[in-house]
Protein chains: 2
Amino acid sequence: MASHGTRGRGGRRPTLEEVAARAGVGRGTVSRVINGSPRVSEATRAAVEAAVEELGYVPNNAARALAANRTDAIALVVPEPETRFFAEPYFSDMLRGVGAELSETEMQLLLIFAGSDRERRRLAEYLAAHRVDGVLLVSVHADDPLPDLLGQLEIPAVISGPRSSAETLTSVDSDNFGGGRQAVEHLLARGRRTVAHITGRLDVYGAQRRVDGYREGLRAAGHVVDERLIEPGDFTEEGGRRAMTRLLERCPELDAVFAGSDVMASGARQVLREAGRRIPDDVALVGYDDSAIARHMDPPLTSVRQPIEEMGRAMIELLLNDIADSRPAVSRDLERRHAVLPTQLVHRTSS
Amino acid sequence: MASHGTRGRGGRRPTLEEVAARAGVGRGTVSRVINGSPRVSEATRAAVEAAVEELGYVPNNAARALAANRTDAIALVVPEPETRFFAEPYFSDMLRGVGAELSETEMQLLLIFAGSDRERRRLAEYLAAHRVDGVLLVSVHADDPLPDLLGQLEIPAVISGPRSSAETLTSVDSDNFGGGRQAVEHLLARGRRTVAHITGRLDVYGAQRRVDGYREGLRAAGHVVDERLIEPGDFTEEGGRRAMTRLLERCPELDAVFAGSDVMASGARQVLREAGRRIPDDVALVGYDDSAIARHMDPPLTSVRQPIEEMGRAMIELLLNDIADSRPAVSRDLERRHAVLPTQLVHRTSS
DNA sequence: AGGTACTGTGGGAGCGCTCCCACAAGTGAT
DNA sequence: ATCACTTGTGGGAGCGCTCCCACAGTACCT
């Protein structure tokens with residue numbers, strides 16, 4: 001009921017119809033102009049644009065959404081409590097990439113936390129109401145029902161970190177396999193002979209792929225993979241400590257450790273210290289994630305960096321594709337629906 | 001799982017009309033039920049609710065927005081680059097309060113950064129299109145054109161930290177006057193005699209109020225305010241350093257300093273150290289904001305805490321009021337449009 | 001000459017709601 | 001019995017767009 005508009009007649013916001021009247025054209029033509037259709041002559045376009053300018057016309061979004069059955073909004077869903085969101089640079093990096101890519105478009109980004117049960121219920125309603133055209137899902141746990149819900153509702157969605165090699169949702173991932181391999185190759189190249197690996201939780205697909213990369217790195221260099229050198233961790237510091245303890249007992253001769261995450265590397269470092277092994281002199285250590293921990297560790301930790309910001313950009317790109325495709329029923333290019341971005345080894349003094 | 005909700009198969013979503021048919025009532029009645037109108041008999045309500053459940057009906061938001069001329073969304077506008085948003089706990093605290101209060105309602109929160117010129121242009125368009133019912137403005141600089149734009153567009157808005165005592169927008173603030181006074185009273189109560197004050201930028205209203213509180217604290221205790229003890233800073237660490245240097249030159253006999261922000265207190269601390277003054281033995285130090293800096297300073301800094309989360313809640317409360325009032329033209333209760341929340345002194349070892 | 005294919009344009013028919021007026025039925029006072 | 005309310009209900013009339021069909025005009029074939 002508000003009255004507004006920079007130069008609105010009588011305070012009401014001008015409608016498309018009024019613009020059409022002023023420009024001396026039909027409604028359809030104005031619609032074509034403001035939506036950038038090419039099927040409009042130059043002269044007409046100019047006339048309409050002038051009328052838009054004079055009246056200070058701004059399209060009514062609700063009417064648009066209703067008529068076109070779209071919302072021009074996508075949601076970034078964070079299935080974590082807010083505190084983690086602010087604490088971990090992963091999310092802000094991701095948000096930066098997403099925001100940058102999205103600013104090229106008219107799309108709007110909604111940030112939705114779904115950490116608590118209550119928030120999740122709200123989210124489910126939200127999605128059921130189709131209030132967004134698509135969803136970006138970051139940091140999803142293996143048993144999360146959210147991806148399936150999205151599938152059922154047929155809402156385009158892109159997930160960061162596929163849940164398996166048979167991920168049904170469009171996904172973006174970093175090259176965990178390549179990252180694992182890079183870590184091993186780096187250690188071997190620096191003259192290490194016995195490289196152990198502390199894995200992440202193996203029900204996380206990415207962790208599994210890092211193990212695969214580790215194996216491949218050894219094999220490609222002509223080494224035989226010694227299973228005793230692989231010890232499962234769980235992404236926690238304590239898990240890293242336990243794993244490192246076992247590895248030292250089992251293979252005291254090891255001279256390098258590749259940990260599946262910086263946090264586990266930190267746990268491993270403590271155990272190595274206590275055992276009197278110097279880093280990197282006696283044992284070289286490589287982590288994964290290139291997080292703040294890596295930079296602040298003593299000694300600074302060599303780590304495999306994932307291009308999080310680029311992953312964010314890639315997610316948007318894929319999602320916009322999916323959204324565009326989902327309107328006319330176009331067969332989707334399945335090969336292009338799983339992007340994998342390269343990792344990079346950041347060398348510091350721990351190796 | 002029973003067959004409610006989630007019509008699978010991308011099929012059409014049920015409309016209000018279909019719910020009405022199923023429940024054997026008219027469209028208007030269903031609308032009344034889903035909007036919680038009291039003018040519906042118990043029996044009818046139950047029938048409609050059953051139909052809603054059976055069909056898995058969810059209102060179409062766009063249609064609602066178009067017909068009712070509202071969006072059920074409000075924007076939290078942060079006129080800062082994203083990096084600051086993530087770096088400062090101020091914003092996450094605020095967001096927590098806002099989110100908590102908002103989760104009681106059907107309203108949706110949009111987080112909008114307006115740090116760059118480009119982002120600001122986008123925001124202006126966004127607001128012109130009336131895509132939100134109201135706006136929360138945090139951390140606004142004195143010369144920011146945003147508040148005026150909001151006024152012109154007649155969009156309800158609440159600002160955190162009024163720009164002056166004559167703020168036109170609805171505002172929420174912490175009691176800067178009381179906070180300043182508390183700091184001084186605390187220092188005097190602990191036996192200090194000569195309390196200096198490093199102010200914030202005096203074109204920031206809140207900083208000015210802290211100075212007023214400082215004066216009042218001294219006066220109320222029977223002290224004469226010595227203007228030589230007041231030195232302007234600019235909220236930066238370097239500014240704190242400069243101010244402290246001057247104060248020491250001018251009044252070497254001072255035995256307490258109240259800094260208008262923790263960051264400036266940190267600068268002051270360095271200068272005091274270099275001058276060989278011990279904290280708190282020789283000089284007691286009190287900051288403002290109770291930020292992470294305060295907790296991590298050596299020695300931990302006594303500081304005045306602002307109830308940021310509660311401020312967020314209060315902002316939502318006021319905004320929702322404004323939005324409700326702006327629909328029927330009700331005269332607003334001007335007295336209630338400027339909330340001031342109490343501050344609290346957090347005592348640590350620096351005083 | 002007619003046929004075929006475009007390009008550019010106007011406007012009808014909705015999209016799914018809310019608002020509001022009309023009206024039936026019930027209640028109590030006259 | 002009438003009147004004056006109140007309560008509950010149905011449904012018409014939009015809200016401001018997009019989609020799509022119809023059709024005039026032009027161009028280039030047979």
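Every chain is numbered from 1, with letters handed out A, B, ... down the list of sequences. Because only heavy atoms are used, hydrogens play no part in the values below, and waters and symmetry mates are left out as well, while side chains stay in.
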Where the side chain of [X] is concerned, which of [options] is the nearest nucleotide?
X: Ala67(A); options: dT9(C), dC17(C), dG16(D); value: dG16(D)
X: Ala63(B); options: dG10(C), dG16(C), dC17(D); value: dG16(C)
X: Arg27(B); options: dA13(D), dG8(C), dT18(D); value: dA13(D)
X: Arg32(A); options: dG16(D), dC20(D), dG10(D); value: dC20(D)
X: Thr15(A); options: dT18(C), dG8(D), dC17(D); value: dC17(D)
X: Thr44(B); options: dC15(C), dT9(D), dC17(C); value: dT9(D)
X: Leu16(A); options: dG16(D), dC17(C), dC17(D); value: dC17(D)
X: Asn60(B); options: dC15(C), dG8(C), dG16(C); value: dG16(C)

Within this structure, what is the CZ-to-C1' distance between Arg13(B) and dG16(C), rounded to whole angstrom?
->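 The distance from CZ of Arg13(B) to C1' of dG16(C) comes to 10 Å, rounded to the nearest Å.
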CG of Leu66(A) versus P of dG14(D): gap in Å, rounded?
->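 Going from Leu66(A) (CG) to dG14(D) (P), I get 17 Å.
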On DNA chain D, check which nucleotide each of Ser31(A) and Val40(B) is closest to and give me the residue with the more 5' one.
->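 Nearer the 5' end of the strand: Val40(B).
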Residue whose closest nucleotide on DNA chain D lies nearer the 5' end, Ala62(A) versus Ser41(B) |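 The residue whose closest nucleotide sits nearer the 5' end is Ser41(B).
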So, are [X] and [Y] salt-bridged, with charged N and O less than 4.0 Å apart?
X: Asp322(A); Y: Arg337(A); answer: yes
X: Arg313(A); Y: Glu310(A); answer: no
X: Asp117(B); Y: Arg120(B); answer: no

Classify the nucleic acid contact of Asn35(B) as base, sugar-phosphate or nothing, counting any heavy atom under 4.0 Å across all strands shown.
->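 Contact class for Asn35(B): sugar-phosphate only.
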Where do Leu146(A) and Asp144(A) come nearest, in terms of heavy atoms and distance?
->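 Reported closest heavy-atom pair: N-OD1, 2.7 Å.
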